[in-house]
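Contents: one structure, followed by commentary.
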Amino acid sequence: MTMRQAKIVRPLNLDEYFMSLLQNIYKNRNLSVEEVSQWLSSAPLTTYFRVNTLKVTPLEVMKSINEQMLKLKYFRNNENKPSVKIHSQLNDCIEVSPIDNSLLDLSPKSEEVIIDIATGQSALRGSHIFAPGIMAMTPEIKIGSTISVYTDLAQRCKKGYQKYYDNPLKIFVGNGVAKMNRRQLFSGDMNPKGIAIEMTDPITGVPSFTLPNEYGMLQNLPSIVTGYALNVNENNLKVLDMCAAPGNKTTHLAILMNNKGSIDALDKSKSKLKKLKLRCDDFGIENVRIHHFDSLISVDSNNKNIGSEIKPPFKVESFDRVLLDAPCSNLGQRPLLKIEAFEKLIKSFPALQKKLLINAIDLLKPGGILVYSTCTITIEENEQNVAWVLEKYPQMELMAINSQVGSSGITQVGLSENNCELVRRFGPENAKEDSIGFFIAKFHKKY
Ligand SMILES: C[S@@+](CC[C@H](N)C(=O)[O-])C[C@H]1O[C@@H](n2cnc3c(N)ncnc32)[C@H](O)[C@@H]1O
């Protein structure tokens with residue numbers, strides 16, 4: 001696959017703590033802080049769509065995406081169209097390449113829209129602009145006007161601002177067509193919803209496409225690998241997903257299990273669990289039990305919970321498979337246009353993750369598999385937590401992850417070289433995959 005770099009945006013607030021954090025992680029991979037921060041602040045350019053194979057085949061989804069691509073203004077025929085193909089190792093994963101840069105109209109337009117940082121990050125990954133993310137719109141814009149879209153890294157633009165917003169930290173994200181005007185956005189309904197700008201020419205060239213909810217979902221490549229890593233393709237498995245919401249991985253597991261066996265999906269966040277429920281309904285998933293529950297207390301150590309077969313807290317050694325997709329410092333998300341590295345917060349995660357790991361190991365049956373994953377790049381939350389498990393629990397050993405994607409773990413930080421080969425790290429060192437930062441470890445409980 002040929003890689004193309006998006007326009008680099010230098011993130012703000014790269015304080016000393018964050019610089020030394022990046023330097024420590026990547027020093028033995030020969031990557032400078034500058035290179036890593038450029039990687040973090042640029043968007044992955046390949047889009048991945050995981051197909052809900054309960055309802056539709058990857059070929060049907062590819063056909064639908066291809067039809068939408070041909071309707072885009074740039075392509076009159078198949079020439080230069082983004083490639084849409086099934087991932088070489090992941091059968092349910094469709095890979096869509098970006099639109100060729102030379103086809104995009106990236107010339108500045110006289111009318112402009114300012115969006116917030118989170119919306120800017122999504123736009124760089126191919127999303128249209130939804131009404132709540134718009135901060136300002138110049139007065140002349142009518143529905144159908146072609147406009148330039150900027151994200152406000154300075155966070156100084158007031159909601160509803162009427163003039164041209166002049167700030168050196170106003171970053172161009174591309175051109176689009178207005179679907180709403182100022183009146184709809186800033187007067188009358190105080191909470192306008194829906195697409196306000198259809199992005200036609202995002203600076204990254206990442207194309208937008210819309211598919212019925214039941215067809216599947218956009219998902220980052222390492223998250224799809226995580227679902228496969230749990231090896232759920234055996235009959236009637238009892239699976240626990242300890243931090244499940246909004247269910248990106250739970251739904252994948254349910255589909256890989258072909259709606260057989262059971263998944264107990266726990267999460268502390270009630271609102272995010274609602275999304276998991278909706279997604280299960282859309283996808284036709286029937287083997288998931290959703291529990292609004294704190295996984296830190298998910299073990300019924302004193303055998304007090306009579307219903308512990310089907311609701312938490314559960315008896316020890318209840319599950320054949322456990323997924324711990326842990327809460328983490330989130331420093332692998334890309335593009336990160338503004339990095340706020342709160343040292344105290346970042347340093348709080350390893351202890352929380354260890355407590356969750358203790359619960360996970362207690363709940364796993366001997367012979368079972370535990371997958372631990374994070375969407376961050378710190379050594380403390382990744383290799384060092386794995387090393388801690390191996391030292392504290394002699395019954396736990398690492399297993400190889402079947403997919404040959406990502407790279408090995410970082411050496412000389414607590415994990416042996418052999419064990420580093422067994423875990424998967426995704427980051428700026430991966431020349432092949434242009435993904436978010438991520439980490440996956442797969443354990444086997446020997447006894
Ligand atoms: C990385 S996200 C999980 C994403 C999810 N696995 C997916 O693929 O869609 C981490 C989740 O952990 C949840 N969480 C944090 N602490 C928790 C706890 N003590 N018990 C259960 N869930 C917790 C958060 O609410 C958050 O939804």
Side-chain angles (χ1 to χ4, degrees), residues 43-69 82 84-87 89-98 118 121-128 130 195 199 206-230 232 239 241 243-259 263 265 267 269 271-288 290 323 325 330 332-334 371 373 375 403 405 426 433-436 438 440:
L45 301 182
T46 308
T47 305
Y48 297 96
F49 186 89
R50 176 172 59 74
V51 177
N52 174 16
T53 50
L54 293 177
K55 294 250 172 138
V56 68
T57 65
L59 286 178
E60 284 168 303
V61 176
M62 276 171 58
K63 184 166 173 267
S64 179
I65 298 175
N66 270 319
E67 281 166 5
Q68 290 185 49
M69 293 297 148
V84 180
K85 59 181 188 202
I86 298 174
H87 189 275
Q89 295 177 53
L90 311 169
N91 296 337
D92 56 0
C93 172
I94 291 176
E95 204 178 311
V96 182
S97 70
Q121 292 176 166
S122 306
L124 292 172
R125 294 205 67 182
S127 172
H128 293 306
F130 287 81
I195 293 176
M199 292 300 289
V206 176
S208 301
F209 51 88
T210 332
L211 295 165
N213 288 348
E214 65 175 22
Y215 275 30
M217 55 179 289
L218 292 170
Q219 193 169 17
N220 287 304
L221 179 74
S223 295
I224 304 178
V225 174
T226 307
Y228 277 106
L230 206 61
V232 289
V239 177
D241 187 351
C243 294
N248 301 349
K249 300 182 191 69
T250 321
T251 51
H252 192 199
L253 296 173
I255 294 164
L256 291 172
M257 290 161 78
N258 206 12
N259 255 338
I263 304 179
D267 204 282
S269 161
S271 58
K272 284 169 85 184
L273 281 173
K274 279 191 191 148
K275 291 190 187 151
L276 166 56
K277 170 81 176 78
L278 283 176
R279 210 165 263 162
C280 286
D281 293 346
D282 284 341
F283 285 6
I285 286 170
E286 292 160 357
N287 60 345
V288 174
I290 298 175
L323 172 62
D325 184 36
N330 238 355
Q333 293 301 341
R334 291 176 65 213
V371 168
S373 56
C375 57
S403 312
V405 289
F426 295 81
E433 297 101 22
D434 179 25
S435 78
I436 60 164
F438 208 87
I440 313 173

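Just so it is clear, the model here is predicted, and its values are computed rather than measured.
Using a 4.5 Å heavy-atom cutoff, the side chains of Leu221 and Leu90 are in contact. Counting only heavy atoms from C-beta outward, the side chains of Phe209 and Asn66 never approach each other to under 4.5 Å. With a 4.5 Å cut-off on side-chain heavy atoms, Ile86 and Met62 count as touching. The closest side-chain heavy-atom distance from Lys249 to Ser223 is below 4.5 Å. Between Pro222 and Val405, every side-chain heavy-atom pair lies at or beyond the 4.5 Å cut-off.
Every side-chain contact (heavy atoms from CB on, under 4.5 Å) that Leu54 has, sequence neighbours left out, goes to Asn52, Ile255, Asn258, Asn259, Ile285. Scanning for side-chain contact (heavy atoms from CB on, under 4.5 Å) contacts around Asp282 gives Asn213, with sequence neighbours left out. With sequence neighbours excluded, the residues satisfying side-chain contact (heavy atoms from CB on, under 4.5 Å) with Ala265 are Ala244, Thr250, Leu276, Val288.
Judged by distance alone, the side chain of Glu95 and the main-chain N or O of Thr46 form no donor-acceptor pair under 3.5 Å. Under the 3.5 Å distance criterion, the side-chain polar atoms of Ser64 are left unmatched by any main-chain donor or acceptor of Glu60. Proximity of a side-chain donor or acceptor of His87 to a complementary backbone N or O of Ile94 within less than 3.5 Å is not detected. Listed for the Thr251 side chain is no donor-acceptor partner under 3.5 Å among the backbone atoms of Cys280.
Environment of NZ in Lys55: crowded, with over 12 heavy atoms of neighbouring residues, nucleotides or ligands closer than 6.0 Å.
Between Met69 and Ser208, the closest heavy-atom pair is CE-O, 4.5 Å. Of all non-hydrogen atoms in Ala43 and Asp434, the two that sit nearest each other are O-OD2, 4.3 Å. Closest heavy-atom contact between Phe49 and Tyr215: CE2-O, 3.5 Å. Summarising the geometry of Phe438 relative to Asp325, their closest heavy-atom pair is CZ-OD1, 4.2 Å, with the distance given to 0.1 Å. Looking at every heavy atom in both residues, Thr57 comes nearest to Val51 through C-CG1, 4.0 Å. Shortest non-hydrogen contact noted between Lys272 and Ala245 is CB-CB, 3.4 Å.
Ile224 CD1 to Gln89 CD: the interatomic distance, rounded to the nearest 0.5 Å, is 12.5 Å. Atom NZ in Lys275 sits 11.0 Å away from atom CG in Asp267 (nearest 0.5 Å). With rounding to the nearest 0.5 angstrom, the SG atom of Cys375 is 12.5 Å from the CZ atom of Phe426. One distance of note links CD1 of Ile440 with OG of Ser403; it measures 7.5 Å at 0.5 Å rounding. Of the inter-residue distances, the one linking Ser435 atom OG with Tyr48 atom OH reads 7.0 Å to the nearest 0.5 angstrom. In this structure, OG1 on Thr53 lies 6.0 Å from CG on Asp92, to the nearest 0.5 angstrom.
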Evaluate the side-chain hydrogen bond (donor to acceptor under 3.5 Å, both in side chains) criterion for residues Arg125 and Asn220: first the C-alpha distance (whole Å), next the side-chain angles of each, then the deciding distance (0.1 Å), finally the verdict. CA-CA 11 Å; Arg125 294 205 67 182; Asn220 287 304; 2.8 Å; yes

Begin with the C-alpha distance, continue with both residues' side-chain angles, and end with the deciding distance and a verdict on side-chain contact (heavy atoms from CB on, under 4.5 Å) for Met217 and Asn248. CA-CA 8 Å; Met217 55 179 289; Asn248 301 349; 3.2 Å; yes

